[in-house]
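Read the structure below first, then the notes.
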Amino acid sequence: MFAEFLQFLFSGITVGAIYALVGLGFTIIYNASHIINFAQGEFVMLGAMSAVFFVSVGMPMPVAMLLAIIITIFIGLALVKLAIEPARNASIVTLIIITIGASIFLRGAAQVLWGRNFHSLAPISGNDPIMIGGAAVLPQSLWILGSAMLIVMALRYFFDRTLIGKAIVASAHNPLAARLAGINARFVLLLSFGLSAMLGAVAGFLIAPISLAYPSVGIMLGLKGFCAAVLGGLGNPMGAVLGGLIVGISEAMTAGYISSAYKDAVAFIIILGVLFFRPSGLFGIRGTERV
Amino acid sequence: MLLGIKELDCHYGRIQALHGIDMAVDEGELVALVGANGAGKTTLLRTISGIEPASGGSITLDGHDITHYSSDKRVRLGIIQVPEGRQMFAPMTVEDNLMIGGYTRSGDERSETLEQVFAMFPVLKERRHNAAGTLSGGQQQMLAISRALMARPRLLLLDEPSMGLSPLLVDEVFATIQKLRDAGTTIFLVEQNAYMALAIADRGYVMEAGAIVLADSGERLIVNDRVKEAYLGL
């Protein structure tokens, strides 16, 4: 009984950590530009697919991961340069629609390049489960949790302690004052897309051994990461992390105790609930700040 | 001549906000720009800072054309603006606000200027770990000015520094501005409080409907009949 619960909890936390990373990606870009980047899920897909590709051409896993990150960051920056910047003066809604277009393009390009098949990626340290309190935990889950925690701590350090990180936060709070302090808004935008692409890529190759890798793997992961970010209060990084864990755990519990058929619905029921009852999210500031 | 502006135009869409502005600020001067609400004073400052693009004419710094420079490049050259309404990074600490102010300077320069700023405004040092949004209006104005000083301005642009402050605090802000001028900072001051601004200014400009209509020394503008009637309520 308890072992069963523990089993669901572990799998919820594992997938929740992935949603948290995706949600953080949404949050960082939203804070820097108020754009909701619907290509975030495609960053996840690119991370997974390119890691699969590099392993399949014979590269060792760490190299494949590093290259997957580099390629995804490169595509994130290209997205800014080729699609967002040329439309710089357009409204936020237009820019959001551009990211939807970019996500469809990236998915299509991945299908052309790598085919529509499902690919597996070997887990980092084998498939032998570790027994904890009667629940079987895959080593990959521990890798995911450890990496997610490390990334969250590194991001906190970056935004709280470094001048460039603070400059991004400052740009979110007051874009005009940030520009008058000499912060280059285009640089902040590029940096935020680069960081989010990196988060997406890491989430992608970490989850691939569990979820498999295929060109449309990013759709659901992206949407659920978005749910996590909204649940936590869009713009609040720690909120996105908690939101991710809440979505992941609720999903695993629903799949375990009710039916796995309803698994995907959970995130969207949560998001509807948030929008009805607490539109600013669990940890968001009520209402919008306008000075 | 530190700042030179020639026939400067600025448009918001099809509406022309600035009409052929000609003006100059010399090194070490305190120059005031007065005018009614909506005359285009803030637009002029935004154009000088590169927030609004100029649609005609030119802006020069030390004789170099900077009309098409980005805002961050102008900050690096030393054109620093304290915007209207103070524009704090409200949830961030006082110290972080100051650090961001010195974003374009080196780490050594930042810590050096930070000490100077704290010596000038001890209350900011006391409250360095508080969120900027929790400061009083007067303290926020001091922080806004200090944040600009952190960038080591060659030309300090002040937009309505007295706005929303009690008379006592207004006096304090103007005393600070004079202190900065005496320390050698070149200042371009935009104010609706025309009397106080012209009283401390070396020279002044009067703006109406997006154009400069009068230019003279501060003391002569204060006694100018047109200025008296329109802005001083005399």
Side-chain angles (χ1 to χ4, degrees), chain A residues 27-28 30-34 80-81 85 88-91 156-192 232-239 280-281 283-291, chain B residues 13 42 45-46 48-53 69-93 95-107 109-111 131-133 140 143-144 146-153 156-159 164:
Chain A
T27 305
I28 290 168
Y30 177 80
N31 275 346
S33 62
H34 284 175
V80 177
K81 280 285 170 199
E85 267 191 11
R88 196 163 51 243
N89 297 322
S91 69
R156 280 201 78 145
Y157 180 83
F158 176 68
F159 286 115
D160 291 350
R161 296 267 174 266
T162 69
L163 189 67
I164 292 180
K166 285 176 187 173
I168 296 179
V169 177
S171 306
H173 290 312
N174 194 326
L176 173 68
R179 283 184 71 187
L180 290 175
I183 297 166
N184 183 338
R186 289 163 73 176
F187 172 70
V188 168
L189 189 67
L190 271 177
L191 200 61
S192 68
L234 202 53
N236 178 341
M238 288 308 124
S280 52
F283 312 100
I285 302 149
R286 228 162 238 283
T288 47
E289 250 184 309
R290 277 265 164 237
V291 189
Chain B
T42 295
L45 282 197
R46 288 170 68 92
I48 296 173
S49 280
I51 302 293
E52 296 297 336
Y69 280 21
S70 63
S71 51
D72 57 289
K73 209 163 169 188
R74 297 184 205 207
V75 171
R76 278 169 217 281
L77 291 174
I79 301 179
I80 317 296
Q81 183 181 154
V82 179
E84 194 180 350
R86 305 186 273 275
Q87 309 291 341
M88 302 284 89
F89 304 117
M92 300 174 75
T93 65
E95 189 166 332
D96 279 353
N97 270 265
L98 292 169
M99 286 304 183
I100 296 291
Y103 179 76
T104 53
R105 301 293 160 213
S106 73
E109 286 174 318
R110 261 197 306 279
S111 20
Q140 285 192 13
L143 177 54
S146 303
R147 189 174 64 187
L149 294 178
M150 288 295 293
R152 302 202 163 184
L156 185 63
L157 309 171
L158 295 169
D159 196 355

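All of these numbers come straight from a predicted model, not from anything done at the bench.
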>> Show the nearest heavy-atom pair for residues A:L176 and B:P83, with the distance to one decimal.
In response: CD2-CB, 4.4 Å

> Got a second to check how far A:H173's NE2 is from B:N97's CG, nearest 0.5 Å?
Replying inline: 9.5 Å

>> Heavy-atom cut-off 4.5 Å, strictly under: side chain, backbone, both or neither for B:R46 against chain A?
In response: side chain

>> Can you tell me which portion of B:M150 sits under 4.5 Å from chain A's heavy atoms? Options are side chain, backbone, both or neither.
In response: neither

>> So for A:A178, is it side chain, backbone, both, or neither that comes closer than 4.5 Å to the heavy atoms of chain B?
In response: both

> By a 4.5 Å heavy-atom criterion (distance strictly below it), what part of B:R147 contacts chain A: side chain, backbone, both, or neither?
Replying inline: side chain

>> So which atom in A:A167 and which in B:Y103 form the shortest heavy-atom distance, rounded to 0.1 Å?
In response: CB-CE1, 3.6 Å

>> At under 4.5 Å between heavy atoms, what parts of residues 156-163 of chain A are in contact with chain B? List them by residue number.
In response: A:L163

> Which heavy atom of A:N174 sits nearest a heavy atom of B:F89, and at what distance?
Replying inline: O-CE2, 3.6 Å

>> Ignoring hydrogens, what is the shortest heavy-atom contact between A:R179 and B:G50? Give both atom names and the distance.
In response: NH2-O, 3.5 Å

>> Please find the pair of heavy atoms, one from B:M92 and one from A:A170, that lie closest to each other, and give the distance.
In response: SD-CA, 3.8 Å

>> Restricting to non-hydrogen atoms, name the atom on A:L180 and the atom on B:V75 that form the minimum distance, rounded to 0.1 Å.
In response: O-CG2, 3.4 Å

> Which bit of B:S49 comes within less than 4.5 Å of chain A, counting heavy atoms only: side chain, backbone, both or neither?
Replying inline: side chain

